[in-house]
Amino acid sequence: MNQETRRMTVEDMAALNNERRLQLNEENRKYYEEMLVYLRMSPVEQRKVEELLLEMLDHLLIAQREGRTAQDVFGDDPESYCKEVIQTLGRQRLFHFPRFAFIFSTVLYVGFLSDALFRLTVYPLLNHFYGVPVPEGFKADWFVMAALGPLWIEGMMFFMRKSTFKGMGAKIGWFLLLPVISVGGFLLWQYILKDAVPMLPIPAWMSLAIGAALWSIHRLVFKGVFKHVDIF
């Protein structure tokens, strides 16, 4: 398996996993997919996780052909098993530069493009019908949100891990809690720093141009030059 996966990208391994997972029966697939979600949402290098998931899947497929179940292979407490695996693999640093650069640039180009879209289309309509003033620049708090992006991603992964191996009611509760906290944090941010964050005096068309340029650079860097660099 190591020789096989060494030549594969993370995306190739995930695609192979999807293909091989179809061979599992319903009971084993449900058990395995819960572990898959938990491990993929864990703070471990993505390549290590995908290699391990393929190895676990191979063991489970062999056991299934022998008439054994996922519980026979991995035990009755898959969450504890996954936690032990994570300790073995080693946790990734919170600040991992490729991941930080990817998230920062993504949030930033989305911010500029969203600003342009709203100032060119949405705000003129709101101004016409309801007298809402059109912003005269780009809110600099997008830079702060871009810098804090990895923390938000880590929080999202934490909530997804917490919802794994739980009943449907608990899953819904955890999934609802994340947007509530996110929206609450955003509203609190706006209330506290509404007038403290400066406005960059650039026209909407310039926001559009900057956003398009950042998107192009982002694709060039992460889909071209650093295509094989592990980001997560």
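These values consider heavy atoms only, across backbone and side chains, with no hydrogens, waters or symmetry-generated copies.
- When the side chain to side chain donor-acceptor pair (under 3.5 Å) test is applied to S105, the partners found at least two apart in sequence or on another chain are H218.
- At distances below 3.5 Å, at least one donor-acceptor pair connects side-chain atoms of Q64 with backbone N or O atoms of N25.
- Among residue pairs with one or both ends in residues 7-43, those qualifying as ring pair (Phe, Tyr, Trp, His ring centres under 6.0 Å) are Y38-F165; sequence neighbours excluded.
- Under the salt bridge (Lys or Arg N to Asp or Glu O under 4.0 Å) criterion, K30 pairs with no residue at all, not counting sequence neighbours.
- The aromatic rings of F143 and F138 stand perpendicular to each other, their planes meeting at an angle above 60°, with 30° marking the opposite boundary.
- Annotation: ring pair (Phe, Tyr, Trp, His ring centres under 6.0 Å) contacts of Y123 (sequence neighbours excluded): none.
- Qualifying side chain to side chain donor-acceptor pair (under 3.5 Å) partners for E66, counting only residues two or more places apart in sequence or in other chains: R68.
- The side-chain hydrogen bond (donor to acceptor under 3.5 Å, both in side chains) pairs that include a residue from residues 126-136 number zero, where partners must be two or more places apart or lie in different chains.
- For P203, the side-chain contact (heavy atoms from CB on, under 4.5 Å) test picks out W205, M206, with sequence neighbours left out.
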Donor-acceptor pairs are to be reported for all side-chain atoms of residues 113-120 against protein atoms at under 3.5 Å, with residues two or more places apart or in another chain.
| from | atom 1 | to | atom 2 | distance (Å) |
| --- | --- | --- | --- | --- |
| S114 | OG | V110 | O | 2.7 |
| D115 | OD1 | R119 | NE | 3.2 |
| D115 | OD2 | R119 | NE | 3.1 |
| D115 | OD2 | R119 | NH2 | 2.7 |
| D115 | OD2 | S207 | OG | 2.6 |
| R119 | NH1 | I202 | O | 2.9 |
| R119 | NH2 | I202 | O | 3.0 |
| R119 | NH2 | S207 | OG | 3.1 |

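- Under the ring pair (Phe, Tyr, Trp, His ring centres under 6.0 Å) criterion, the residue pairs touching residues 71-92 are F74-Y81, with sequence neighbours excluded.
- Applying the side-chain contact (heavy atoms from CB on, under 4.5 Å) criterion to D76, with sequence neighbours excluded, gives Q71.
- To the nearest 0.5 angstrom, R40 atom CZ is 6.0 Å from L53 atom CG.
- Contacts of A101 classified as side-chain contact (heavy atoms from CB on, under 4.5 Å), with partners at least two apart in sequence or in another chain: F97, F222.
- Take E33 and apply the side chain to side chain donor-acceptor pair (under 3.5 Å) test, not counting sequence neighbours, and it matches R21.
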